Peer 1: 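The structure under discussion is supplied below as structure tokens; questions concerning it will follow.
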Number of protein chains: 2
Amino acid sequence: MRVTQSKSVVSQVEEILHGRIRDDTYPPGSRIPSESELSEEFGVSRATVRTVLAKLAATGLILRRQGDGTYVNSKIRETSANFGNLWDFVNLIESNGYKSSIKALSVGLRTATEQEMTALSIGPEEKMLSMARLFYADAQPVILANNAIPASYLCEEVDRIDGHLPIREILRRYCRQEIAFAITDIRSALASDEIKTIMGAGLGETVLELQLAFYSKDNLPLALGVNYFNDAILRLCLVQAWS
Amino acid sequence: MRVTQSKSVVSQVEEILHGRIRDDTYPPGSRIPSESELSEEFGVSRATVRTVLAKLAATGLILRRQGDGTYVNSKIRETSANFGNLWDFVNLIESNGYKSSIKALSVGLRTATEQEMTALSIGPEEKMLSMARLFYADAQPVILANNAIPASYLCEEVDRIDGHLPIREILRRYCRQEIAFAITDIRSALASDEIKTIMGAGLGETVLELQLAFYSKDNLPLALGVNYFNDAILRLCLVQAWS
DNA sequence: AAGTGGTCTAGACCACGAC
DNA sequence: TCGTGGTCTAGACCACTTA
């Protein structure tokens, strides 16, 4: 396998090894080649290989034992949610074993709420781009996602916006902004009548409420979100790994 | 500041920089010295400095901009929970601005439940060390934590166990096992009467239920936990950062 | 004793942003 | 243009596990 210059060497090697774990070239519980063997195979330095293996170990996908070797974690399915892709709902739904789809309920401008004015440090005259979307697991609605972006960030007309895109992609395309970090509050809540109507049968008495704030590298607040999550159907699953 | 050989150079530099952010030597929003300046100050290579800065950036504590510099993230309080220490409840309670304390409700042996036998791949004759503990924020109980460890892992007498220690420390001291990774399911639930009785006033209708499984580097399941979390009082807050 | 991962160095070159 | 962070290399030495 040769490595080209278009993407970074690290991310290329990462994709290859990730793929080998996914397709059982390296089966669960098995030992994968040593750092020196991998660095020789890919024609890269051992430091580069170590960077990749450290990333995979951080997600819990592999376990490393000094003096012994590196093993594929048999307790973690490749598909299971981990911290990095946790709020990637499409991925989350599919890793729960369903087919995912998105329905855009509404996309449009409105005035900012009190809460938004505080969180985004904007004035009362400022408009917000507000989006409501419903994520389905097979035919069952499981996540109601409300997101809002200050309209001043928009570089394009509102009616050109594709309501099916993830928030990260919307900010990238229509605002030319990149998310650097996000802060999430996780709460439990009683399912309101409105949510029960929208989410339909298969909803328990309670839902998970995820309150999100997205920021740029310049510490600029880019967007706010409130997501209602039907945890009777979907598992919200986190993996933590320590070195 | 000289660096000794007792701990790793990386962790020493990390502690120093972390401390400087905590005590406002590097105030929120300010630019911190460049990689070369830091490597010169500490007498370590630039690679070592980069390892430290990558760790801090992964927790969202600093923001790095190529061609510009490295800045202290003003949106993240040093004390706020991040992924690495998320299930460190003492830390979590104190980062919410309370004084934390722990009450051990019960510590003892019992037979394994069906669920535990499946999750731990053990037989019906196997005993479990079961612990119930209550975490307080000031005088208010906020987390009810139930943990169970297969009794076969124990190296010491049950009555010598200190019920106030965190699960990681209990496994270390009394079982000589180290946690390598953990899998958590987050759910919302109605507060049962039993929980209402234990947690008392200040509890909402719903609670967060955190179901945990801890594993060793050998992929051995070490312990299971079910935690009930009063999210009316305590914020469960996650920070994610992308490179 | 041999092989594994863990730590650290010194230096090269590149991409990007501010001035 | 200059200084910043981003990427990658080659190699040294150590700690640990296994045989």
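No experiment lies behind these values; they were computed from the predicted model shown.
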Peer 1: Specify the separation, in whole Å, of atom CD of B:Q12 and atom P of C:dT7.
Peer 2: 13 Å
Peer 1: Take atom NZ of A:K55 and atom P of D:dT7, then tell me their distance rounded to the nearest Å.
Peer 2: 8 Å
Peer 1: Could you tell me the separation between the CG atom of A:D218 and the P atom of C:dC16, rounded to a whole number of Å?
Peer 2: 16 Å
Peer 1: For B:T51, answer base if it contacts any base atom (sugar-phosphate contacts may also be present), sugar-phosphate if it contacts only those atoms, and nothing otherwise; contact means non-hydrogen atoms under 4.0 Å.
Peer 2: nothing
Peer 1: Under the salt bridge (charged side-chain N to carboxylate O under 4.0 Å, His left out) test, which residues partner A:K55, sequence neighbours left out?
Peer 2: A:E14
Peer 1: Could you pull out all residues at least two apart from A:D218 that satisfy salt bridge (charged side-chain N to carboxylate O under 4.0 Å, His left out)?
Peer 2: B:R65
Peer 1: Could you list by number each residue of residues 28-38 of chain A showing a heavy-atom separation from DNA chain C of less than 4.0 Å, or answer none if no residue does?
Peer 2: A:R31, A:S34, A:E35
Peer 1: Under 4.0 Å: is that the gap between some side-chain N or O of A:R64 and OP1 or OP2 of C:dG6?
Peer 2: yes
Peer 1: Who pairs with A:R133 by salt bridge (charged side-chain N to carboxylate O under 4.0 Å, His left out), at least two apart in sequence or on another chain?
Peer 2: none
Peer 1: Work out which heavy atom in B:A104 is nearest to a heavy atom in B:H164; give both atom names and the distance.
Peer 2: N-CE1, 4.1 Å
Peer 1: Please list, for nucleotides 8-14 of chain C, all pairs of protein and nucleotide N/O atoms separated by less than 3.5 Å.
Peer 2:
unit_1	atom_1	unit_2	atom_2	d
C:dC8	OP1	B:V9	N	2.3
C:dC8	OP2	B:V10	N	3.4
C:dT9	OP2	B:S45	N	2.9
C:dT9	OP2	B:S45	OG	3.0
C:dT9	OP2	B:T48	OG1	2.4

Peer 1: May I have the distance from A:K217 (atom NZ) to C:dC16 (atom C1'), rounded to whole angstrom?
Peer 2: 11 Å
Peer 1: Please state how far atom CG in A:L63 lies from atom P in C:dT4, giving the value in whole angstrom units.
Peer 2: 18 Å
Peer 1: Can you tell if the side chain of A:C237 reaches within under 4.5 Å of the side chain of B:I183, non-hydrogen atoms only?
Peer 2: yes
Peer 1: Under the side chain to side chain donor-acceptor pair (under 3.5 Å) test, which residues partner B:R172, sequence neighbours left out?
Peer 2: B:E169, B:E178
Peer 1: Please name all residues satisfying side chain to side chain donor-acceptor pair (under 3.5 Å) with B:Y26, sequence neighbours left out, ordered by chain then number.
Peer 2: B:R20
Peer 1: Please identify each residue that fulfils side chain to side chain donor-acceptor pair (under 3.5 Å) with B:R235, with sequence neighbours left out.
Peer 2: A:D185
Peer 1: Please report the end-to-end axis angle for the helix from C:dA1-D:dT18 to C:dA18-D:dT1, five pairs per end, rounded to 10 degrees.
Peer 2: 0°
Peer 1: Apply salt bridge (charged side-chain N to carboxylate O under 4.0 Å, His left out) to B:R168 and list each qualifying residue two or more places apart in sequence or on a separate chain.
Peer 2: none
Peer 1: Name the atoms and distances for all side-chain donor-acceptor pairs under 3.5 Å in residues 112-122 of chain B, with sequence neighbours left out.
Peer 2:
unit_1	atom_1	unit_2	atom_2	d
B:T113	OG1	B:E116	N	3.2
B:T113	OG1	B:E116	OE1	3.4
B:E116	OE1	B:R110	NH1	3.1
B:E116	OE1	B:T113	N	3.0
B:E116	OE2	B:R110	NH2	2.9
B:T118	OG1	B:E114	O	3.1

Peer 1: Rounding to an integer number of Å, can you tell me how far A:E178 CD sits from C:dC16 P?
Peer 2: 13 Å
Peer 1: Under the rule for side chain to side chain donor-acceptor pair (under 3.5 Å), what residues qualify as partners of B:S152, not counting sequence neighbours?
Peer 2: B:E126
